[in-house]
Amino acid sequence: MSQQHILTAVAWPYANGPRHIGHVSGFGVPSDIFSRYQRMAGNKVLMVSGTDEHGTPIQVQADKEGLTARELADRYNRVIAEDLTALGLSYDLFTRTTTLNHYAVAQEIFLGLYKNGYIFPKTTMGAISPSTARTLPDRYIEGTCPICGYDGARGDQCDNCGNQLDPIDLINPVSRINGETPIFVETEHFMLDLPAFAEVLATYLQGKQGDWRPNVLKFALNLLGDIQPRAISRDLDWGVPIPLDGWRDRGDKRLYVWFDAVIGYLSASIEWARRSGDPEAWRNWWQNPDARGYYFMGKDNIVFHAEIWPAMLLGYNGQGAKNGTAGSLGRLDLPSEVVSSEFLTMEGRKFSSSRQVVIYVRDFLERYDADSLRYYIAVAGPETQDTDFTWSEYLNRNNGELVAAWGNLVNRSISMAAKNFGRVPEARDLTDADRALLDRSRAAFPAVGAELGRSRFKNAVTEAFEVVRDANRYLAEQEPWKIKDDPERQGSILHVALQVVDDAKTLLTPFLPQSSNKVYTMLGGEGVWSGMPEIQEVDEEGGSSYPIITGDYRDNARWEHRPIKAGIPLAPPVRLFTKLDPKIVDEELARLGDA
RNA sequence: GGGGCGGUAGCUCAGCCGGUCAGAGCAGCGGACUCAUAAUCCGCCGGUCGUGGGUUCAAGUCCCACCCGCCCUACCA
């Protein structure tokens, strides 16, 4: 097998509240399916992420709840980490942006860019709140539109006439946070010189032709058309300090949250290496021409991952128009692939926490199984276009596909064999039909694997399920229950069926790790088949502690057919999935807001 | 305002470079079977592929316009 180093960089969930199933359908589940497959295929995967905890929205939410930003971040960091663990997402490290390590790495990247001349200061006009002295971002200001007279216009745009606005032009501008009138003052910020990377970014992106999903590539290339310098600092006290003399100790200037958040991929890799006992190990994924970096996110993040983050890396490496030299970490690799998902909607509407058009991961998992949600997202999620989540569709998928097709295949095969033989029977004198099914299931490994390798999860899971359907058809045709007078033939049929169940279990492991582990055990497997993540409490330098997600994924799962052994004892099967009562559809719909 | 994505059977969705591309699953209808969480298997029904033009021997599949849904973005002045 290939033994390639693969970095799975998963978008960082924002810690201003719990995450809903739309969020995890965009970054969480796809990235985990991908990582589990890559590990099974023999590659060395490093899957990292964490909570994104800086920025104005966190501060605003904290003010609303009467907490400090840090307290709010602590709360939701823990909630999110627990939810992602419950979903079975196999992070090597899920950390957070408020660690000392992250601050240090983010500042190092800033300094590298600064020294190479890709960051410059600039004075602009900004709105601040007189009572708190905090800056108000444009979208937190509203007033009357100077163009159409609409009185609910936001500082950045009028929702009524669609025109772009400058908050300073609004008539009667007020803060959306507390209603007071903002004042406009000069403020100095640092800008990232994105135009200096236009050329090299174009070359980089052109090289991805045929590799990335076309919509992502087209979008990214298009951005280069009018690329502009972008502010990477904010007037805020909650964030990473700016590591320059005269700025470092200022309480009112911080790095822009997006600037520090994308650096998390690197800082988390470094933190993982330190915790693994080999502090230099991260370099295998970041400074290795044979390594590949896959970034998973929702479509709203493409600009940050396909343009800004590559530009930051290029600048740090000294590879932009102004050249320069690599910083102290050394030259860093750019993303190999940016895998963007579209958006999930909820019963035909946008997810909206305030309108209660939402189902949080936690609430979902209190009532339903993680594998069941993972399956829905894999087979019906927003992979290449927006898709709609409906409870009735979820019920149908769960009951019709997981329970009736796959769960039932496992159940009928094992219980028949357990009842009649008490063990895996011998296979003798295989017929053409037997061989056809066995060949077919074995051939699914390269086919399904190819789809997984290019992040086509919907195709992959559909193809894996074809094996399940073929196996059910095989049993219907062979009718092993009718030939009790010929135990040899009956045993052969059941042996074939169990072999294909075992193959299908392997093929479905990236999607359904928990239930696949059950099948593994039922068929006599020992040890851990597919490793599951766990929360660990770790200490920060200086005393405080925080939860991380990590896990031991050196498990037995391999992406290959394995012959099952005749004679292995079989017990009556346990049920893999829970059949849902149709009435849950109305119950869940009743929980949604009307709006 | 600019850019992007999508609009395919009742439902959820596949359809890459134009020519078995008109598909899958579910639902519905009719059969078979009983090992299995009344699960499974077979068959049938079902779409002028958002609208209107155009290119082509040939267009969901390319071009133009329009309608609808969604996403991103707006420096400086």
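In the text below, chain A, chain B and the rest are named by the order of the sequence lines, each starting its count at 1. Just so you know, these numbers come straight off a predicted model, no measurement behind them.
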Colleague: Once you round it to whole Å, what is the distance between C1' of B:U40 and CG of A:N472?
Modeller: 6 Å

Colleague: Can you check the distance between B:G18 and B:C64, where both ends of the measurement are the P atom (answer in whole Å)?
Modeller: 15 Å

Colleague: Mind calculating the distance between CD1 (A:I302) and P (B:C72) to the nearest angstrom?
Modeller: 10 Å

Colleague: For nucleotides B:C42 and B:A24, find the distance between their P atoms and express it as a whole number of Å.
Modeller: 13 Å

Colleague: Please tell me whether A:N472 and A:R412 have a donor and an acceptor in their side chains that are separated by less than 3.5 angstrom.
Modeller: yes

Colleague: Could you tell me how far B:C44 sits from B:U61 if I compare only their C1' atoms? Round to whole Å.
Modeller: 30 Å

Colleague: Toward the 5' end of RNA chain B, which comes first, A:R575 or A:Y376, by nearest nucleotide?
Modeller: A:Y376

Colleague: If the P atom of B:G19 is compared with that of B:G15, how far apart are they to the nearest Å?
Modeller: 15 Å

Colleague: Roughly how many Å is it from NZ in A:K458 to P in B:U12, rounded to a whole number?
Modeller: 12 Å

Colleague: How far does the P atom of B:U20 sit from the matching atom of B:G60, given to the nearest Å?
Modeller: 10 Å

Colleague: Expressed as a whole number of angstroms, how long is the span from A:L589:CG to B:C11:P?
Modeller: 17 Å

Colleague: Between side-chain atoms of residues 578-586 of chain A and protein atoms elsewhere (two or more places apart, or another chain), which donor-acceptor pairs fall under 3.5 Å?
Modeller:
unit_1 : atom_1 : unit_2 : atom_2 : d
A:D581 : OD1    : A:K583 : N      : 2.9

Colleague: Within the sub-3.5 Å range, which N or O atoms of nucleotides 23-33 of chain B have a protein N or O partner, and how far apart are they?
Modeller:
unit_1 : atom_1 : unit_2 : atom_2 : d
B:G25  : O2'    : A:E401 : OE2    : 2.9

Colleague: Go nucleotide by nucleotide along RNA chain B from the 5' end; which of A:M191 and A:F343 gets its closest nucleotide reached first?
Modeller: A:F343

Colleague: Check for me whether A:R234 meets the cation-pi criterion with A:Y256, that is, NZ or CZ under 6.0 Å from the six-membered ring centre and within 45 degrees of the ring axis.
Modeller: yes

Colleague: Please name all residues satisfying salt bridge (charged side-chain N to carboxylate O under 4.0 Å, His left out) with A:E479, sequence neighbours left out, ordered by chain then number.
Modeller: A:K482

Colleague: Only Watson-Crick and G-U wobble pairs with both distances less than 3.5 Å should count. Give RNA chain B in dot-bracket notation, marking inter-strand partners with |.
Modeller: (((((((..((((.........)))).(((((.......))))).....(((((.......))))))))))))....

Colleague: Output all residues satisfying side chain to side chain donor-acceptor pair (under 3.5 Å) with A:Y37, sequence neighbours left out; order by chain, then residue number.
Modeller: none

Colleague: For RNA chain B, determine which residues of residues 406-419 of chain A have any heavy atom closer than 4.0 angstrom to one of its atoms, and list them numerically.
Modeller: A:N408, A:N411, A:R412, A:S415, A:M416, A:K419

Colleague: To the nearest angstrom, how far is A:N399 atom CG from B:A38 atom C1'?
Modeller: 12 Å

Colleague: Quiz question: by atom type and distance under 3.5 Å, do the side chains of A:D434 and A:T431 form a donor-acceptor pair?
Modeller: yes

Colleague: Looking at the rings of A:H305 and A:Y265, which for Trp means the six-membered one, are their centres under 6.0 Å apart?
Modeller: yes

